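What follows is one structure encoded as structure tokens, with my remarks underneath.
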Amino acid sequence: MDSAEVILSVLVVVIIIVSLLSNVLVLICFLYNPEIRRQVPGLFNLNLTFCNLLLTVANMPLTLVGLLSRAQPGGDSFCQIAGFLETFLSTNSMLSMAALSIDRWIAVVFPLRYHSKMRHKDAALVLGYTWAHSMSFSTVAACLSWVGYHRLYASCTLSNPRDSSRTQFVVFTVFFHSFTFLLSFIVLCFTYLKVLKVARFHCKRIDVITMQTLVLLVDIHP
């Protein structure tokens, strides 16, 4: 192994440790804090935490093995199962983050109507969509044998070793990434820019009120 591969392997180990610790802490907070469990965003956080934990336990060690051995970890069937899980869990995590951003946008921009717009039933429907979305793309990729070991990523993920279906695979990949990662990125940018706009507006109001209060105190002091 050269120095770059050693550094990359150490980085993967650090990411695994940090991911395990952080997600376990989130899970402990959820289990021991009834206030968090009562809130609607707790469902999104719980789903995101489980997906991240499963990715950390099931996928990232295989990536580390692929980096160290420079070969596919396990047989083809095992790699296809790992690739299916990687596609499903990463998609579910990304959509959960988008759902969390939408929830925070509604809470900040429409605070008086938040409890009527975002209920536990609504959160369950959103999570149902994220699972259906993730399962559909992962199942299609697995059924068409478009998951396998990718040498560039050193892991079992979306891959098409056959030249006969390359065009279909490219179309599927573009469609999958556009309606999963690109769409989630756009949603995250839109919602948090709106939240930032509201936060800056309130900061300006707080500054004006603070200055008015200081002027009043100066006038009263003599």
Side-chain angles (χ1 to χ4, degrees), residues 1-33 36 41-104 127 130-131 133-135 137-138 141-142 146-160 173 176-189 191-192:
M1 293 180 65
D2 55 17
S3 58
E5 291 177 338
V6 172
I7 294 174
L8 189 59
S9 300
V10 173
L11 181 61
V12 171
V13 172
V14 172
I15 292 174
I16 290 174
I17 295 173
V18 172
S19 178
L20 279 175
L21 290 176
S22 58
N23 286 287
V24 168
L25 285 175
V26 172
L27 189 59
I28 292 174
C29 292
F30 183 85
L31 292 176
Y32 286 93
N33 193 322
I36 295 177
L43 296 177
F44 300 135
N45 284 319
L46 184 63
N47 188 67
L48 180 61
T49 301
F50 271 118
C51 290
N52 290 336
L53 278 175
L54 290 175
L55 270 175
T56 304
V57 173
N59 183 258
M60 296 189 70
L62 296 179
T63 302
L64 182 61
V65 172
L67 283 173
L68 295 175
S69 63
R70 297 182 180 180
Q72 174 179 315
D76 292 337
S77 299
F78 176 78
C79 194
Q80 286 183 357
I81 295 173
F84 172 84
L85 285 175
E86 190 271 339
T87 306
F88 172 79
L89 293 173
S90 59
T91 304
N92 206 332
S93 297
M94 199 67 199
L95 293 176
S96 297
M97 291 178 61
L100 267 173
S101 68
I102 294 174
D103 177 86
R104 294 300 85 196
L127 287 179
T130 63
W131 277 70
H133 182 108
S134 305
M135 185 64 71
F137 280 102
S138 305
W146 286 345
V147 288
Y149 182 72
H150 201 296
R151 295 187 180 275
L152 179 62
Y153 304 122
S155 64
C156 299
T157 183
L158 288 177
S159 177
N160 182 30
T173 304
F176 167 63
H177 285 83
S178 299
F179 282 87
T180 301
F181 301 102
L182 180 60
L183 181 61
S184 298
F185 176 73
I186 294 173
V187 170
L188 285 166
C189 291
T191 52
Y192 285 121

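No experiment lies behind these values; they were computed from the predicted model shown.
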**Asked** What pair of heavy atoms forms the shortest contact from A82 to N59, and how long is it?
**Response** O-ND2, 4.3 Å
**Asked** Mind checking whether F137 and F88 have ring centres under 6.0 Å apart?
**Response** no
**Request:** Please lay out, stage by stage, how E86 and T63 fare under the test side chain to side chain contact (heavy atoms under 4.5 Å, CB included).
**Result:** CA-CA 11 Å; E86 190 271 339; T63 302; over 6 Å; no
**Prompt:** Is a donor on one side and an acceptor on the other found under 3.5 Å between the side chain of N45 and the backbone of P41?
**Reply:** yes
**Request:** Verify whether one side chain among T180 and H133 offers a donor that lies under 3.5 Å from an acceptor in the other.
**Result:** yes
**Prompt:** Listed by chain and number, what are the ring pair (Phe, Tyr, Trp, His ring centres under 6.0 Å) partners of F44, not counting sequence neighbours?
**Reply:** none
**Message:** Nearest 0.5 Å, please: how far is CD1 in I28 from CG in L25?
**Reply:** 5.5 Å
**Item:** Within-4.5 Å side-chain heavy-atom neighbours: L95 and S184
**Value:** yes
**Asked** Under 3.5 Å, is there a donor-acceptor pair between the side chain of N23 and the main chain of S19?
**Response** yes
**Asked** Between the side chain of T130 and the main-chain N/O of L127, is any donor-acceptor distance below 3.5 Å?
**Response** yes
**Asked** Going through the distances and angles, do V24 and L53 end up as a side chain to side chain contact (heavy atoms under 4.5 Å, CB included)?
**Response** CA-CA 8 Å; V24 168; L53 278 175; 4.1 Å; yes
**Prompt:** If we only count heavy atoms from C-beta on, is the M94 to V187 side-chain gap below 4.5 Å?
**Reply:** no
**Complete:** For L67 and S9 the tightest heavy-atom approach is CB-OG, 4.0 Å
**Stepwise side chain to side chain contact (heavy atoms under 4.5 Å, CB included) test for F50 and L27** = CA-CA 8 Å; F50 271 118; L27 189 59; 4.2 Å; yes
**Request:** Write down the atom of S159, the atom of Y149, and the distance for their closest heavy-atom approach.
**Result:** OG-O, 3.8 Å
**Asked** How far apart are the closest heavy atoms of S93 and L55, and which atoms are they?
**Response** OG-CD1, 4.2 Å
**Fill in**
Residues I16 and P61: closest non-hydrogen pair is CD1-N, 4.1 Å
**Asked** Just by distance, do the side chain of S134 and the backbone of N92 share a donor-acceptor pair under 3.5 Å?
**Response** yes
**Request:** Please confirm whether the backbone N or O of G75 pairs with a side-chain atom of Q72, one donor and one acceptor, at under 3.5 Å?
**Result:** yes
**Message:** For V147 and T87: C-alpha separation, side-chain torsions, deciding distance, then whether side chain to side chain contact (heavy atoms under 4.5 Å, CB included) applies.
**Reply:** CA-CA 9 Å; V147 288; T87 306; 4.3 Å; yes
